[in-house]
Amino acid sequence: MNKPDLPVTSNFIRNIIDDDLAANKNDGRVVTRFPPEPNGYLHIGHVKSICLNFGIAAQYGGTCNLRFDDTNPVKENDEYVQAIKADVEWLGFKWDELRHASDYFDELYDFAVQLIKKGKAYVDSSSAEEVRAMRGSLTEPGTPSPYHNRSIEENLDLFARMKAGEFEDGEHILRAKIDMASGNINMRDPTLYRIRKVHHVRTGNDWSIYPMYDYTHCLSDAMENITHSLCTLEFEDHRPLYDWVLDELETPAHPQQIEFARLALEYTILSKRKLIQLVEEKHVDGWDDPRMPTITGIRRRGYTPAALSDFCERIGITKNDAWIEMAVLETCIRDNLNEHSPRRMAVIDPIKVVITDLDDDYTETLSFANHPQNEAFGRRDVVFSKVVMIDRDDFSENPPPKYQRLVPGGEVRLRGSYVIKCNEVIKNEAGDVVELHCTHDAATLGKKPEGRKVKGVIHWVSMSAGVKAEVRVYDRLFNVVNPAAAESLEAALNPDSKTVYTQCYVESALADAEPESRFQFERLGYYVADRYDHNKAHPVFNRTVTLRDTWAK
RNA sequence: UGGGCCGUCGCCAAGCGGUUAAGGCACCGGGUUUUGAUCCCGGCAUUCGGAGGUUCGAAUCCUCCCGGCCCAGCCA
């Protein structure tokens with residue numbers, strides 16, 4: 001049951017670091033950072049980056065900072081900052097230092113002044129449209145701005161006045177003076193600063209100009225003495241600019257930017273815009289809906305940090321645009337929960353079973369192992385009585401081939417209890433089965449039945465001793481492998497992604513479960529007591545994932 | 001016919017000039033089992049996008065070709 005940990009497979013980033021260490025680059029230090037913009041909730045794609053950055057630091061005895069890339073005050077707020085911190089902590093990672101790009105606004109300004117003094121930056125007073133037109137196209141070079149040769153004195157004066165708030169949004173920008181004919185569009189005199197007369201969560205109204213990502217990120221990395229700045233593939237084209245800024249300025253370090261492929265998960269959407277759409281159009285019940293790929297949603301679904309780390313280790317780090325199958329993620333959570341969660345019995349969609357050859361007030365207390373392979377989980381009492389509930393799926397009047405459950409006239413084992421035989425099927429006016437009358441074989445408690453084989457085993461809950469509960473059964477949110485490519489989100493949605501059962505019966509022990517405690521409901525899957533809605537008076541469980549099923553389908 | 005990047009089993013992914021081309025997921029058998037779960041055992045790439053070339057030797061080096069991804073925010 002305890003399988004050895006998967007060997008840590010190498011990847012190109014670990015190889016680079018191994019080489020750096022061998023060459024004693026950075027004095028043998030490894031410092032990384034996880035740099036989210038606080039403009040939304042973190043999702044499983046970020047988990048890949050978090051595990052990479054914090055994981056690399058841990059594996060090499062280094063450190064990892066959490067840095068909020070808060071350079072665009074119009075999109076960012078503190079709610080996201082708090083949520084991101086909570087998510088990273090829940091994943092189990094500890095940042096060395098908590099930083100904000102806004103911590104460096106003064107230094108960043110001074111560096112910009114230096115660039116101007118070197119003749120490497122200038123104030124452009126063109127409109128946004130003019131700048132765009134002059135940038136050229138993918139196949140045509142750009143043309144220099146009429147402000148390209150402004151004097152250093154005038155640039156200094158204008159930039160100081162931009163900072164002082166003398167101009168309105170859009171009147172001027174500060175641009176790097178690089179190469180308007182570069183094949184790499186990022187090098188065609190990129191914008192360094194823009195005027196934004198808006199309140200910033202942390203710096204208030206101190207600034208009326210804000211630095212751009214490309215200018216800020218490399219300098220923040222350098223000031224934090226980051227050794228390896230890991231980011232996703234779309235920033236490959238930005239690396240020459242990252243290096244240009246650090247080469248032009250005297251900084252404490254010149255970190256190495258390395259790019260890796262972002263996560264793509266089948267049947268899932270990870271674009272921030274579309275995630276927002278799901279929430280705003282109420283296709284889900286909020287950012288922490290258990291069907292959401294957000295960390296907070298995945299958490300509420302019942303996933304564990306260990307399963308997510310395992311997932312990241314299994315999918316690896318490369319530059320390939322890979323699509324990961326859901327089965328990989330599901331295997332990770334099943335493995336983790338199989339080993340760590342106690343077993344219980346729960347009936348989601350109940351049918352009443354009356355054991356007719358038992359007295360009306362008959363009860364018997366049975367002892368069940370909490371885990372079939374691990375005695376350390378201990379045992380619990382389960383009450384058996386004359387009337388028990390079984391799941392509707394476990395009875396069939398017209399069974400498919402190889403059906404091993406209860407059928408009219410057939411026998412089945414009630415898990416941990418007796419073998420029963422179905423003698424009578426009671427239906428309502430509509431023809432639905434509402435009750436089964438069975439007899440039990442008293443000689444089968446803890447023993448195989450005499451003279452015959454009973455293969456089926458089904459779970460059950462005593463009607464009198466069990467407690468009512470609500471169970472939310474979740475399935476994938478989308479029906480198509482790549483929902484982002486669908487004509488519309490609506491068209492891709494799985495209409496049956498959430499089914500709520502309110503008349504469930506669970507073992508009485510389950511009512512006392514703490515929120516977020518996880519169980520295997522035997523033969524069904526893994527379930528978690530809802531983080532917010534579960535309580536003793538109203539037990540609520542979410543289905544995390546089903547058990548592997550090699551029979552169905 | 002602008003620049004950057006990627007192609008190893010159905011899906012991931014090691015491999016870095018000499019290995020029988022790791023491993024995981026999935027799948028297919030078989031065994032154990034009072035969860036159709038778990039666990040165990042076995043199977044699953046004569047071949048590395050294609051074609052040439054270099055070499056005693058190529059998935060690994062070179063050339064060309066084919067396929068895919070990213071970039072024209074005063075977003076990150």
Side-chain angles (χ1 to χ4, degrees), chain A residues 1 3 6-7 9-12 15 35-37 39 69 71-72 74-76 124 126-128 131-133 135-142 169-175 181-188 190-196 209-210 212-214 216-217 231-240 259 261 266 272 310 313-332 334-335 338-339 343 345 371-373 402-405 413-417 419 444 446-448 454-459 520-525 546-552:
Chain A
M1 184 189 72
K3 52 177 111 168
L6 258 33
T9 62
S10 68
N11 63 49
F12 78 102
N15 291 344
E37 180 186 15
N39 71 340
D69 228 325
T71 58
N72 186 357
V74 308
K75 295 168 65 181
E76 300 150 4
D124 194 326
S126 307
S127 68
V131 168
R132 191 190 323 122
R135 187 153 33 230
S137 72
L138 291 178
T139 52
E140 299 157 326
D169 290 14
E171 282 192 60
H172 309 281
I173 53 173
L174 184 73
R175 302 179 77 177
S182 173
N184 181 347
I185 292 176
N186 294 295
M187 299 299 270
R188 317 240 264 231
T191 304
L192 267 24
Y193 270 90
R194 76 287 215 186
I195 299 171
R196 275 295 118 87
I209 54 173
Y210 291 94
M212 298 288 289
Y213 164 86
D214 284 308
T216 307
H217 206 90
C231 63
T232 42
L233 246 28
E234 67 271 25
F235 291 105
E236 274 181 316
D237 289 344
H238 297 239
R239 192 171 66 235
E259 311 84 11
E266 290 188 349
K272 197 163 285 181
D310 184 22
E313 195 54 50
R314 291 194 200 208
I315 62 177
I317 296 291
T318 66
K319 294 174 83 111
N320 296 342
D321 294 307
W323 277 89
I324 308 300
E325 294 178 341
M326 260 299 174
V328 180
L329 218 207
E330 292 182 344
T331 294
C332 291
R334 286 192 186 111
D335 276 6
N338 174 52
E339 187 177 346
R343 314 287 118 129
M345 291 196 292
H371 191 111
Q373 282 89 28
K402 300 201 177 162
Y403 190 76
Q404 303 179 359
R405 310 172 190 182
R413 160 85 61 185
L414 289 181
R415 161 119 254 228
S417 174
V419 169
T444 55
K447 295 192 193 72
K448 295 201 187 306
V454 173
K455 200 167 185 196
V457 178
I458 64 175
H459 55 93
Q520 184 196 96
F521 287 178
E522 291 204 58
R523 300 209 312 129
L524 296 177
T546 62
L547 252 31
R548 186 161 169 267
D549 187 349
T550 51
W551 180 65

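Letters A, B, ... mirror the listed sequences (proteins, then strands); counts begin at 1. Remember, predicted model here, so these are calculated numbers, not experimental data.
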**Prompt:** Start at the 5' end of RNA chain B and walk down; is the nucleotide closest to N184(A) or to R415(A) reached first?
**Reply:** N184(A)

**Request:** Classify the nucleic acid contact of I315(A) as base, sugar-phosphate or nothing, counting any heavy atom under 4.0 Å across all strands shown.
**Result:** sugar-phosphate

**Fill in**
Regarding the side chain of I185(A), the nearest nucleotide among rU34(B), rC71(B), rC25(B) is rC71(B)

**Item:** Separation between CD of Q404(A) and CH2 of W551(A), rounded to the nearest 0.5 Å
**Value:** 7.5 Å

**Message:** Give me the atom names and distance for the closest heavy-atom approach of P141(A) to A181(A).
**Reply:** CB-CA, 3.9 Å

**Message:** Considering every strand and a 4.0 Å limit on heavy-atom distances, what is the contact class for L329(A): base, sugar-phosphate, or nothing?
**Reply:** nothing

**Message:** Please check: side-chain N/O of S137(A) versus main-chain N/O of E140(A), any donor-acceptor pairing under 3.5 Å?
**Reply:** yes

**Message:** Counting the atoms with a prime plus P, OP1 and OP2 as sugar-phosphate, which does M187(A) contact under 4.0 Å by heavy atoms, base, sugar-phosphate, or nothing?
**Reply:** nothing

**Message:** Just to be sure I understand the rule, does H459(A) reach a base, reach only the sugar-phosphate, or reach nothing, if contact means heavy atoms closer than 4.0 Å?
**Reply:** nothing

**Request:** Could you grab the distance from atom CD of E259(A) to atom CZ of R239(A), nearest 0.5 Å is fine?
**Result:** 4.5 Å

**Message:** Quick test of the criterion, 5.5 Å between centres and less than 30° between planes. Is Y213(A) stacked on rA76(B) or not?
**Reply:** no

**Message:** Check this for me: does the side-chain of R405(A) come within 3.5 Å of the base of rG36(B) through a donor and an acceptor?
**Reply:** yes

**N/O donor-acceptor pair, side chain N320(A) with base rG7(B), under 3.5 angstrom** = no

**Complete:** Taken to the nearest 0.5 Å, the spacing of M212(A) CE from Y193(A) OH works out to 12.0 Å

**Message:** Could you tell me how far apart R314(A) (CZ) and rC25(B) (C1') are, to the nearest whole angstrom?
**Reply:** 7 Å

**Message:** Starting the side chain at C-beta, find the nucleotide from rG36(B), rC74(B), rA37(B) nearest to L547(A).
**Reply:** rA37(B)

**Prompt:** Between K75(A) and rA76(B), does any side-chain N or O lie under 4.0 Å from OP1 or OP2?
**Reply:** no

**Request:** For the pair R188(A) (side chain) and R135(A) (backbone), establish whether a donor and an acceptor sit closer than 3.5 Å, ignoring hydrogens and angles.
**Result:** yes

**Request:** Please report the C-alpha distance between D549(A) and R523(A) in whole Å, then the side-chain angles of each, then the deciding distance to 0.1 Å, and finally whether the salt bridge (Lys or Arg N to Asp or Glu O under 4.0 Å) criterion is met.
**Result:** CA-CA 9 Å; D549(A) 187 349; R523(A) 300 209 312 129; over 6 Å; no

**Message:** Nearest to the E522(A) side chain among rC70(B), rA26(B), rU35(B), which nucleotide is it?
**Reply:** rU35(B)

**Fill in**
dist I315(A):CD1 -> W323(A):CH2 (nearest 0.5 Å) comes out at 13.0 Å

**Request:** Would you tell me if any nitrogen or oxygen in the side chain of T191(A) comes within less than 4.0 Å of OP1 or OP2 on rG73(B)?
**Result:** no

**Request:** Using atom CG of N72(A) as one end and atom C1' of rC75(B) as the other, report the distance to the nearest whole Å.
**Result:** 6 Å

**Message:** Apply salt bridge (Lys or Arg N to Asp or Glu O under 4.0 Å) to residues R548(A) and E330(A) and explain how you reach the verdict.
**Reply:** CA-CA 9 Å; R548(A) 186 161 169 267; E330(A) 292 182 344; over 6 Å; no

**Prompt:** What is the distance, rounded to the nearest whole Å, between atom CZ of R334(A) and atom C1' of rG36(B)?
**Reply:** 14 Å

**Prompt:** With sugar-phosphate meaning primed atoms plus P, OP1 and OP2, does K448(A) contact a base, only sugar-phosphate, or nothing at under 4.0 Å between heavy atoms?
**Reply:** sugar-phosphate

**Request:** Determine the Euclidean distance between corresponding P atoms of rG10(B) and rU47(B); express it in Å to zero decimal places.
**Result:** 13 Å

Are there any protein N/O atoms within less than 3.5 Å of an N/O atom in nucleotides 16-20 of chain B, and if so, which ones and at what distance?
residue: rC16(B); atom: N4; partner: N15(A); partner atom: ND2; Å: 2.8

**Prompt:** Would you say T9(A) reaches rA22(B)'s phosphate, i.e. side-chain N/O to OP1/OP2 under 4.0 Å?
**Reply:** no

**Prompt:** How is R196(A) classified with respect to the nucleic acid when contacts are heavy atoms under 4.0 Å: base, sugar-phosphate, or nothing?
**Reply:** base

**Prompt:** With a non-hydrogen cut-off below 4.0 angstrom, is E330(A) in contact with a base, only sugar-phosphate, or nothing?
**Reply:** nothing

**Prompt:** What interatomic distance, in whole Å, is found between P of rC48(B) and the corresponding atom of rU19(B)?
**Reply:** 15 Å

**hbond_proxy R523(A) side chain to rU35(B) base (donor-acceptor, 3.5 Å cutoff)** = no

**Message:** Does T546(A) reach a base, just sugar-phosphate, or nothing at all? Heavy atoms under 4.0 Å.
**Reply:** nothing

**Asked** Under 4.0 angstrom, heavy atoms only, what part of the nucleic acid is Q404(A) near: base, sugar-phosphate, or nothing?
**Response** base

**Request:** Output yes when at least one side-chain N/O atom of T318(A) is less than 4.0 Å from OP1 or OP2 of rC12(B), else no.
**Result:** no

**Message:** Counting the atoms with a prime plus P, OP1 and OP2 as sugar-phosphate, which does I324(A) contact under 4.0 Å by heavy atoms, base, sugar-phosphate, or nothing?
**Reply:** sugar-phosphate

**Item:** side-chain contact (heavy atoms from CB on, under 4.5 Å), paired with L174(A), selected from I209(A), L192(A), I195(A)
**Value:** L192(A)

**Asked** Can you tell me how far C1' of rA13(B) sits from CD of E313(A), to the nearest Å?
**Response** 11 Å

**Intermediate values then yes/no, side chain to side chain contact (heavy atoms under 4.5 Å, CB included), L138(A) and I185(A)** = CA-CA 7 Å; L138(A) 291 178; I185(A) 292 176; 3.4 Å; yes

**Prompt:** Rounded to whole angstroms, how far apart are NZ on K319(A) and P on rC6(B)?
**Reply:** 5 Å

**Prompt:** Hey, does A322(A) reach any base, or is it just sugar-phosphate, or nothing, if we go heavy atoms under 4.0 Å?
**Reply:** sugar-phosphate

**Request:** Using heavy atoms to find the nearest nucleotide of RNA chain B for L138(A) and Y403(A) separately, return the residue whose nucleotide is more 5′.
**Result:** L138(A)

**Asked** Counting only distance, no hydrogens or angles, is the base of rU38(B) paired donor-acceptor with the side chain of R548(A) under 3.5 Å?
**Response** no

**Asked** Within the pair R135(A) and rG73(B), is there a side-chain N or O less than 4.0 Å away from OP1 or OP2?
**Response** yes

**Message:** Heavy atoms only, 4.0 Å cut-off, all strands: where does S127(A) land among base, sugar-phosphate and nothing?
**Reply:** base

**Message:** What contact category does G456(A) fall into here, base, sugar-phosphate, or nothing, at under 4.0 angstrom with non-hydrogen atoms?
**Reply:** nothing

**Message:** In this structure, how many angstroms lie between the P atom of rG73(B) and the CZ atom of F235(A), rounded?
**Reply:** 15 Å

**Asked** rG3(B) P sits how many Å from R239(A) CZ, rounded?
**Response** 16 Å

**Request:** Please state how far atom CG in N39(A) lies from atom P in rA76(B), giving the value in whole angstrom units.
**Result:** 10 Å

**Base orientation of rG15(B), syn vs anti, 90° cut from 0** = anti

**Item:** Pair assignment for rG42(B), Watson-Crick or G-U wobble, requiring both distances under 3.5 Å
**Value:** rC28(B)

**Message:** Categorize S137(A) for me: base, sugar-phosphate, or nothing, with a 4.0 angstrom heavy-atom threshold over every strand shown.
**Reply:** base

**Asked** Going by modelled atom types, is there a donor-acceptor pair between the base of rU38(B) and the side chain of E339(A) at under 3.5 Å?
**Response** no

**F235(A) side, atom CZ; H217(A) side, atom NE2 - distance, nearest 0.5 Å** = 8.0 Å

**Item:** Phosphate contact (rA76(B) OP1 or OP2) by R194(A) side-chain N/O below 4.0 Å
**Value:** yes

**Request:** Could you work out the separation of rU1(B) and rC25(B) based on their C1' atoms and round it to a whole Å?
**Result:** 43 Å

**Message:** Just N and O in the side chain of T139(A): are any of them under 4.0 Å from OP1 or OP2 of rG2(B)?
**Reply:** no

